[in-house]
Amino acid sequence: MHASSLPAWIYTDPHFFELERARIFRQAWHIMGHVNDVPAAGDYVTLDILGERVVTLRDAAGVVRSFHNVCRHRAARLAPDVRGSCGARLVCPYHAWTYGLDGRLVGVPSWQGFEDLDRAVHGLQPVLQEIFHGFIFVRFEAGLPSVAEMMAPYAAELEPYALTALVPQGRVTLRSRDVNWKTVADNYADGLHIPVAHPGLSRLFGTSYRIEARDWVDKMSGVLQPTASARWSERAYQALLPRLDTVPAEQRRLWAYYKLWPNVAFDVYPDQVDFMQFIPLSSTQTLIREIAYVHPDASREMRAARYLNWRINRQVNAEDTALIAGVQGGMTSSSYTTGPLSPHEVCLRAFADRMRALIPQARLERAPVAPAQSAP
C-alpha cells in the first residue's frame with residue numbers, strides 16, 4: 001500500500017498555519033547569513049520572520065551576536081536595512097536609546113526622565129544562535145538538535161568546500177510567491193519531476209539524479225555528464241568544470257542540494273554555494289530568500305562558470321515557479337484530498353511523517369469543522 005501525501009487543506013488553511021507557527025517555526029533554525037556578511041565591527045544583517053525581527057552584528061571584539069531587532073523602550077526597529085553598518089552603536093531612530101554592539105543599553109537622552117532606569121536589565125534581548133561552517137542560524141525556542149547535529153550525516157562531504165571562507169556574491173534576493181511554504185519545500189525535495197519538468201537538468205545529469213532522506217536533512221544530487229549538451233551555456237559550463245580547483249576532483253562535476261528541516265536549503269556547486277529560505281508569510285504566501293556565496297577567486301574561468309551557472313538555474317527557477325503555482329492552485333480543488341507517494345519519494349514521505357507527528361491534525365484528509373457558536 002502506498003503512503004499518502006499531506007492533505008490539500010493544510011496548504012491553504014489559516015488555522016493550520018497558526019499551528020505551524022507555534023509548533024514548527026518557533027523551534028526551527030532560521031538562517032541569517034554568513035559571518036562574512038558582517039566582516040567589520042558594526043556590520044549587521046537583519047531578518048523579519050513570522051512576527052519576529054532579528055539583527056545579527058559583529059562587535060568590536062570580532063564576536064558575532066544575534067538580538068531581537070527591537071528597542072526596549074517602545075519596540076521600534078533598530079537596524080533598518082537588510083544589510084548595513086551601524087558604526088560603534090545601534091541608535092534607535094524613535095527616541096535615540098543607544099545600544100553597544102554587545103547589546104548593552106549604553107545611553108538614554110538625559111531629558112527623557114529615566115535617571116533611575118536600570119540599564120543593565122534593559123539591554124537588547126539575545127536570540128539563540130549557532131554558527132555552522134560560517135553560516136549563522138537563530139531560533140526563538142529550544143527543542144530541535146543543533147544545526148551541526150542535524151547536518152552531521154553530511155559533515156565529511158561538506159568539509160572540502162571550506163564553507164567558512166565563503167564571501168557573499170551580491171546581495172540577498174527576495175522573491176514573493178503566492179503559494180504555501182510546504183509547496184516550495186515539497187518541490188525542492190521532489191526527485192520524480194526532474195526528468196519530466198527540467199529538460200536542462202536532465203541533459204546535464206542524465207540518469208544520475210539521486211535523493212535520500214535522513215532524520216533532519218534531505219539530500220538531492222546529480223553528476224554532470226561528460227557528454228556535451230546541445231545547449232551552449234550547458235556545454236560551456238561542462239567544459240569549464242575540470243579546471244575549477246577549489247574543490248577536490250571527484251566533486252567538480254557534482255551538484256548537491258541539502259534541505260534542512262523545515263525550510264532552509266543549500267545548493268552546493270563546484271563554483272558557488274547558495275542558500276534558499278522559504279519564509280512563510282501566510283497560509284498561501286511565501287517569500288523565497290536567497291543569496292550566493294563564493295570563494296574569493298577572480299579568475300576568468302571562475303567568473304564564466306558562475307555566469308553560466310546563473311543562466312542554467314534561471315531557467316530551472318522559471319520552470320519551478322510555474323510548477324509550484326500549478327500545484328498550489330490544485331490544492332483548492334474539491335477533487336483532491338491526498339495523493340499516493342511512491343517508495344522512491346523518500347523525502348516527501350519523511351517530511352509528511354514529521355508534519356503528522358508534530359501536528360496531528362495533518363492526519364485528517366479534510367479540515368476539521370469548527371464548532372458552531374451558540375446564538376446570543
Side-chain angles (χ1 to χ4, degrees), residues 6 10 16-35 45-56 64-69 125-158 163-164 180-186 188-189 211-220 256-268 273 275-281 283 286-290 346-363:
L6 291 169
I10 72 171
F16 191 86
F17 179 71
E18 291 305 314
L19 293 176
E20 292 177 328
R21 286 171 62 110
R23 301 186 193 178
I24 294 176
F25 290 105
R26 292 299 300 176
Q27 298 181 9
W29 289 105
H30 306 288
I31 190 166
M32 295 295 300
H34 194 278
V35 292
V45 292
T46 64
L47 173 66
D48 291 4
I49 185 165
L50 294 168
E52 300 286 5
R53 302 199 302 249
V54 183
V55 57
T56 296
V64 174
R65 305 171 184 269
S66 294
F67 301 98
H68 287 274
N69 190 17
Q125 292 285 357
V127 179
L128 294 169
Q129 174 187 279
E130 180 180 350
I131 298 177
F132 174 76
H133 284 277
F135 287 100
I136 307 160
F137 290 83
V138 299
R139 64 179 174 182
F140 305 108
E141 291 180 9
L144 293 182
S146 69
V147 177
E149 290 171 322
M150 295 168 78
M151 292 293 291
Y154 302 110
E157 62 189 60
L158 288 173
L163 301 178
T164 303
N180 185 273
W181 71 274
K182 296 185 293 299
T183 305
V184 184
D186 288 346
Y188 188 89
I211 67 173
E212 57 190 59
R214 300 297 182 95
D215 287 344
W216 299 102
V217 61
D218 300 331
K219 179 189 175 184
M220 292 62 64
Y257 311 87
Y258 304 88
K259 185 170 78 68
L260 184 70
W261 168 265
N263 66 326
V264 176
F266 287 96
D267 303 338
V268 180
V273 174
F275 73 71
M276 292 180 60
Q277 185 177 21
F278 323 132
I279 299 178
L281 301 180
S283 59
T286 299
L287 188 67
I288 300 177
R289 175 176 178 256
E290 61 184 336
V346 293
C347 298
L348 298 187
R349 291 163 67 105
F351 185 84
D353 288 346
R354 187 167 299 284
M355 287 292 300
R356 292 183 178 113
L358 290 172
I359 307 179
Q361 290 90 327
R363 300 168 184 164

Is the closest side-chain heavy-atom distance between [X] and [Y] below 4.5 Å?
X	Y	result
Phe25	Ile279	no
Glu157	Tyr258	yes
Phe132	Ile31	no
Met355	Ile24	yes
Leu144	Trp261	yes
Tyr154	Glu212	yes

Rounded distance [0.5 Å steps], [atom1] in [X] versus [atom2] in [Y]:
X	Y	atom1	atom2	result
Phe67	Arg53	CZ	CZ	15.5 Å
Thr286	Asn263	OG1	CG	9.5 Å
Asp48	Asn69	CG	CG	7.5 Å
Met32	Ile131	CE	CD1	11.5 Å
Ser146	Phe137	OG	CZ	10.5 Å
Asp353	Arg363	CG	CZ	10.0 Å

Between Phe135 and Phe275, how do the two ring planes meet: parallel, tilted or perpendicular, split at 30° and 60°?
perpendicular
Mind telling me whether His30 and Phe140 have parallel, tilted or perpendicular rings, with 30° and 60° as the class edges?
tilted
Testing the basics here: between [X] and [Y], what is the closest heavy-atom pair and its distance to 0.1 Å?
X	Y	answer
Val127	Arg139	CG1-O, 3.3 Å
Gln277	Leu47	NE2-CD2, 3.9 Å
Glu130	Val147	OE1-N, 2.7 Å
Met220	Cys347	SD-SG, 4.0 Å
Ala213	Val346	CB-O, 3.7 Å
Leu260	Met151	CD1-SD, 3.8 Å

Pair Asp267, Tyr188 - check side-chain contact (heavy atoms from CB on, under 4.5 Å), show working.
CA-CA 11 Å; Asp267 303 338; Tyr188 188 89; 2.4 Å; yes
Quick one: does [X]'s side chain have a donor or acceptor within less than 3.5 Å of a partner on [Y]'s backbone?
X	Y	answer
Asn180	Ser283	yes
Gln129	Ser66	yes
Arg65	Val55	no

Are Arg26 and Glu52 ion-paired here, with the side-chain N under 4.0 Å from a carboxylate O?
yes
Only one of Trp181, Phe278, Trp216 clears side-chain contact (heavy atoms from CB on, under 4.5 Å) with Pro262; which?
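Among Trp181, Phe278, Trp216, the one meeting side-chain contact (heavy atoms from CB on, under 4.5 Å) with Pro262 is Trp181.
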Does the pair Leu348 and Asp186 meet the rule for a side-chain contact (heavy atoms from CB on, under 4.5 Å), with working shown?
CA-CA 6 Å; Leu348 298 187; Asp186 288 346; 3.9 Å; yes
